[in-house]
Chemist: 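The following block contains the structure, expressed as structure tokens.
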Amino acid sequence: MAAITPEIENVQEEASTQRKTPFMEMVDNLRRSTSGKIGLFIIVFHILLALTSPFIVELMPQDPFTREAGRNAAPSLQHWFGGDEQGRDVFTRTLLGGRTLLLVTIFGTTLAMGWGSFVGIMLGFLGGRADEIIMRLVDAFLAIPWLLFLLLIVGIVGTEPWIQMLTLGFFYGIPAVRVSRAATHDYVTREFVLAARARGEKKITVMFRELLPNVLDVLLVEGAMRWSWMLLAFISLSFLGFGVPPGGERTDWGLMISQSRRIMALQPWATFGPIIFLSSLIIGINLFADALAKALGLDRSQGAPV
Amino acid sequence: MSELLVDIQDLSVGYTTKYGKLVHVLRNVDLQIGRGETLGLVGESGCGKSTLGQAMMGFLRSGSKILGGRVTYQGHDMFAMPAKELESIRGRSIALIPQNAGQSLTPTLRVGKQIVEALELNAQIKGAEADARAVELLGQVRLPSPEEMATRYPHELSGGQQQRVAVAMALAGNPDMLVLDEPTTGLDVTTQAHILELLRDIVKEMGTAMMYISHDLGVIARVSDRVSVMYAGEKVEDATASQIFKSPSHPYTRGLLESIPRLTLSGIPKSMPGQPPLPATLPGCHFEPRCEFATDICGTTPPKLEAISSAADNNGIMSSHFARCHHWDKLAKADFSEELKDAYQDVRKKDTAKPAITITDVAISYYRPGFLDNLMNTPHPPDTVSNINLTVNRGETVALVGESGSGKSTIVRAVSGLLPAKDGAISFENFDLTTDVDDRPMELRKRIQMIFQNPDASLNPRHSVTEILDQPLKLYFPNMSAAERDKRKEELLDRVRLGHRYLTRYPGQMSGGEKQRVAIARAFAADPEVVLCDEVTSALDVSVQAAVLDLLADLQKEHGTTYIFITHDLAVVRAFADRVAVLYQGRLCEVGTVDEIYAPPFHPYAETLLGAALEPDPDMEPKLLAGDTPESSPPETGCPFQRRCPVRVGEICDTTMPDWVSPKGAIDHNIRCHIPVEELLAMQTEPIAAD
């Protein structure tokens, strides 16, 4: 009888790094990436700011909704970013301006990635006639200029945050269908999927237990990127007057830029605040998404096919 | 006379990990290759063979660096040379033939054009002259109708033909030296045999030296003059091919030779425990943990590479036999061929006549007529698999053998329900197995399990071993509590001889052999009665292959499991199977017990396969009967082997499917050929004249 002792270890392998789960591996890689840490810091800063800004503004002597700063006032010690065309304090308005934006886009992205990847994985796995038909529909949707569609729906139904969440979530899920379907195709022919099918697992089990963990990497990175695009989309809506409606008790960076647009050439400071805040958030998301892709071993330059 | 072409002195290569640790890949390697000499380089995966081959061309993987030593090629130090000069040597004087030629050819260029490019770069000829030379080269690598071949795109060629084109490209610069990195791995046996003969002839004609890297000892034995055995980045033995194979003097070489199944010896070979350590990590001999001859000194003092004997070869060139072992003198004395016989132990013993799976007149097709095809009544192509009749008895192992495309996997997929049969009947007790797996009762699914070829692909990389084993347990035993499952998982790991600590590991953290054990444990979690094994050992190292076969044999003994075993490796079949079915193009050619299949009379196809199979014996000559022209679909009528058969009778082969004939005195032997069995027997027992 041949004695089989596979117990001989590779003595020198770093025992601690050997037992890592793939998730820990990813966290480990992320921690080594400076740009990823910066990106994450910026994102966390913005989210914390959005959560706490009403209380911060409360404590400050300036009020974002009263016209006390003077119309188009230049920055001063009292009003750090100056005043807008109605004489409101730009600094406090900027602090508050990301709240609706973040609320809508975070939930919108989650919704988009959720339904998009569910449908994508299902189509990628099942294939067949349904796949053909739905993918042509997806193509058709992708061909329509999305901004027009968004304007139409938001214009008809209203500018409530939950409506925007659902609308953006729906439209941004469409490209996610493509991406997750393509990522699924890479795995569907693998033998572990075949093994699960041969074992007689339910289709839904195969999708969630076998396929999802493998395409999750792509979906995470894709989700982070979608988020930054959705931010831009929402800002555009606001700019056009369909995001956060003007004159209400809410402020928004897109709206602020739009309102200060006419005098931008003469007195640009009223737009500086929202522009800096918005771009820092988007840069932060991009840095983080890139670092995440690297940490997961995906190369975004080769990219997921959309 | 024997001028040195390559002289590698004391070469050490290593790289630094992301944790800042230095890892050796090669350690103090000395290697010399003379003009026109063929050096074989063997060892398990991860022993530094490929790195050595690449270093010889002055190439290191990014991140790797030379830690010491020199590589001298024709008097030039390869790593001290300006890049321009190095470029002029590579391709022109040293050429590489990679493992996967299909991937090294540009898919968008005709192969003729690609060879012309190589010629323009390396032989400085242009225009019509280059075109003519390209065709000439294609002829030289024995591609049929070279002019026509030159106009094809790589995807229009078979794997063997692509490999020939790669050889032609390598020859473009008229090199002095070829580096071949597993060039025939992944090819069919017949194709492999043809390519090896081609290489041997080219080397002889052109006086080219070769460095042949392979893990396949049969291939190495066939091509090499001299063999170097690599282990953990070190050269452990270096001698002429006949010395290595007849009187191996390092325990590792012996271990390798004892762990390969052979055509001539039945039974499962001994396996070598463990796996190679990383180079330069042990104080003493690196083979010590796995060595059965090890003594105290082995653990503390690294052995030196010693010349243990010198002999002159046929050309009067002196060559020494080197071994890196403290105890070589004990090993060198022992008669290896006698010891070899003891290493193989027979597992065949079963005589159950109770059928488990009966396959009757089965036909399977991948063809799905589209709407237009139905409308226009397009004729259907011949079925991928047809007319299969096979009975698999309880507790026995039936092997399905054939080249790629012979329909082995297709049949197994039909039995597993992944690709339901189109016609015929497959039954298992009272169950009908022509149904899709989704329509089968859970009870039936549980009793038939499948193990796949490549454990890298068949285990989900995102699941730990616990999760992997939980899946069948949850599916088939829904009432099992978590504690019971934990107990069962430990039992399963015990059974496949893995420690319990493997439960928390992910596939990426295990070696190939360990992964395949987990895959086996997963299949046995269901307590199956029939296990379908699809090339389960072909992705594994030789030392591990024997252990996996042994494990499967033990599990069979304990549980009376029935195996349907797919493989292209005839030696594995010889070692493991009770009965064999030989398939060509989805049709059965020959069925019989192992001993019957491996002795005449043969079906001409079985004879071709056996003739092309290589044994680790430098004196063995393969018999190349049929050509290796690939066929992609079965013929419409007649014998499936009609187009390649070396002993075609005539018209009748094209029109009529031969009947099953049973040779006299056979227990269970059936051949399907128009040539009468007596004649086949007479033809095949005659010694065949070597050409």
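Protein chains get the first letters and strands the later ones, always in sequence-line order, with residue 1 at the start of each.
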Chemist: How about R129(A): does its CZ atom have over 12 heavy atoms from other parts shown lying under 6.0 Å from it?
Modeler: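 At most 12 heavy atoms, drawn from other residues, nucleotides or ligands, come within 6.0 Å of this atom.
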Chemist: What part of L475(B) gets closer than 4.5 Å to chain A, counting heavy atoms only: side chain, backbone, both or neither?
Modeler: side chain
Chemist: Does a sphere of radius 6.0 Å around CZ in F41(A) hold more than 12 heavy atoms from other residues, nucleotides or ligands, not counting ones at 6.0 Å or beyond?
Modeler: no
Chemist: Please classify the contact between N454(B) and chain A as side chain, backbone, both or neither, with a heavy-atom cut-off of under 4.5 Å.
Modeler: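 Both parts, backbone and side chain.
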Chemist: Report which part of K203(A) has an atom under 4.5 Å of a heavy atom belonging to chain B: side chain, backbone, both, or neither.
Modeler: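 The side chain, not the backbone.
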Chemist: What is the distance from atom CZ of R199(A) to atom CZ of R445(B), rounded to the nearest 0.5 Å?
Modeler: 11.0 Å
Chemist: With a 4.5 angstrom heavy-atom cut-off, is it the side chain or the backbone of R413(B) that approaches chain A, or both, or neither?
Modeler: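 Just its side chain gets close to chain A.
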Chemist: Within this structure, what is the CG-NE2 distance for the pair N214(A) and H463(B), rounded to the nearest 0.5 Å?
Modeler: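 Output value for this atom pair is 7.5 Å.
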Chemist: Can you say whether Q449(B) sits under 4.5 Å from chain A via the side chain, the backbone, both, or neither, judging by heavy atoms?
Modeler: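 Only the side chain of Q449(B) comes within 4.5 Å of chain A.
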Chemist: Within the supplied structure, the quantity of interest is the number of heavy atoms (other residues, nucleotides, ligands) at a distance under 6.0 Å from F107(A) CZ; does it exceed 12?
Modeler: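 Open: at most 12 neighbouring heavy atoms sit under 6.0 Å from CZ of F107(A).
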Chemist: Please determine, among P455(B), P472(B), G417(B), the option with the most heavy-atom pairs under 4.5 Å with chain A.
Modeler: P472(B)
Chemist: For residues P461(B) and F192(A), report the shortest heavy-atom separation together with the two atoms involved.
Modeler: CD-CE2, 3.6 Å
Chemist: Quick check: closest heavy atoms across L194(A) and F452(B), and the distance to 0.1 Å?
Modeler: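 So the minimum-distance heavy-atom pair works out to CD2-CE2, 3.8 Å.
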Chemist: So if I apply the side chain to side chain contact (heavy atoms under 4.5 Å, CB included) rule between N460(B) and each of R190(A), R209(A), E210(A), which one comes out positive?
Modeler: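 One option only clears the test, and that one is E210(A).
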Chemist: Hey, could you give me the CZ/OH distance between R462(B) and Y187(A), rounded to the nearest 0.5 Å?
Modeler: 6.5 Å
Chemist: With a sphere of 6.0 Å drawn around CZ of R31(A), does it hold more than 12 non-hydrogen atoms of other residues, nucleotides or ligands?
Modeler: no
Chemist: Determine the minimum heavy-atom distance between R522(B) and A195(A), stating which atoms define it.
Modeler: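 Nearest heavy atoms, R522(B) then A195(A): NH2-CB, 3.6 Å.
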